[in-house]
Participant: 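Here it is: the structure, laid out below.
Numbering of residues begins at 1 and proceeds along the displayed sequence.
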Amino acid sequence: MPSQNTKTSAQKKDGLRVLGVDPGYERLGVAIVEKNAQGKEMLLYSDCIRTDKKLPHSERLGIIAKELEHIISEFKPDRSEEHTSELQS
């Protein structure tokens, strides 16, 4: 279940609203950032969705899906971005 989060108004203003996701099964980071017409970025929401590692994989994915659906329906992002790490050898 989500832990403590940062949240401001979900009411959309002019600008681009992006859902950012830092993927994981036990901990999944999510954030909503809005960039206004003047180029100023504002963090509207951030949280860490947590699942119990003892749960079956399918149940963990279901928890993550429900939380993401709720966040998307509340904030209505224009697009999404996934954080990826590039490993160098």
Side-chain angles (χ1 to χ4, degrees):
M1 285 288 145
S3 60
Q4 210 171 17
N5 63 46
T6 300
K7 182 176 176 180
T8 60
S9 174
Q11 185 173 4
K12 188 152 186 199
K13 299 176 181 168
D14 292 334
L16 178 66
R17 187 172 284 188
V18 177
L19 165 66
V21 177
D22 187 4
Y25 297 112
E26 189 174 343
R27 292 184 307 267
L28 180 128
V30 293
I32 300 285
V33 177
E34 187 169 84
K35 188 172 187 177
N36 67 19
Q38 293 76 34
K40 182 178 178 185
E41 296 174 352
M42 180 169 22
L43 177 65
L44 301 179
Y45 177 87
S46 70
D47 202 357
C48 180
I49 299 171
R50 298 177 187 273
T51 64
D52 187 339
K53 63 184 173 184
K54 295 176 185 173
L55 293 174
H57 190 71
S58 60
E59 205 170 318
R60 294 169 80 182
L61 288 175
I63 292 167
I64 292 168
K66 281 183 182 179
E67 292 296 331
L68 287 174
E69 285 174 359
H70 174 75
I71 293 165
I72 290 167
S73 81
E74 182 174 350
F75 288 95
K76 298 174 181 39
D78 299 307
R79 59 186 281 195
S80 62
E81 296 292 327
E82 177 185 353
H83 172 75
T84 58
S85 296
E86 294 180 18
L87 299 176
Q88 297 180 0
S89 44

Participant: Applying side-chain contact (heavy atoms from CB on, under 4.5 Å), name anything that partners K53, two or more places apart in sequence or on another chain.
Facilitator: E26, R60
Participant: Among all residues two or more places apart in sequence or in another chain, which pass the side-chain contact (heavy atoms from CB on, under 4.5 Å) test with L61?
Facilitator: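 Here the qualifying residues are Y25, H57.
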Participant: CD1 of I63 to CG of D52: how many Å apart, nearest 0.5 Å?
Facilitator: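 Taking CD1 in I63 and CG in D52, the distance rounds to 8.0 Å.
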Participant: Can you tell me if R17 uses its side chain to pair, donor with acceptor, with the backbone of K76 under 3.5 Å?
Facilitator: no
Participant: Do V30 and E67 come within less than 4.5 Å of each other through their side chains, counting heavy atoms only?
Facilitator: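 In short, these two side chains do not touch, never coming nearer than 4.5 Å.
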Participant: Roughly how far apart are D47 CG and I71 CD1, rounded to 0.5 Å?
Facilitator: 6.5 Å
Participant: Going from CD1 on I32 to CE on M42, what distance comes out if it is rounded to the nearest 0.5 angstrom?
Facilitator: 13.0 Å
Participant: Which residues pass the side-chain contact (heavy atoms from CB on, under 4.5 Å) test with I72, not counting sequence neighbours?
Facilitator: L19, P77
Participant: Once rounded to the nearest 0.5 Å, what's the spacing between atom CZ of R50 and atom CG of L28?
Facilitator: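 Spacing of CZ (R50) from CG (L28) equals 11.0 Å.
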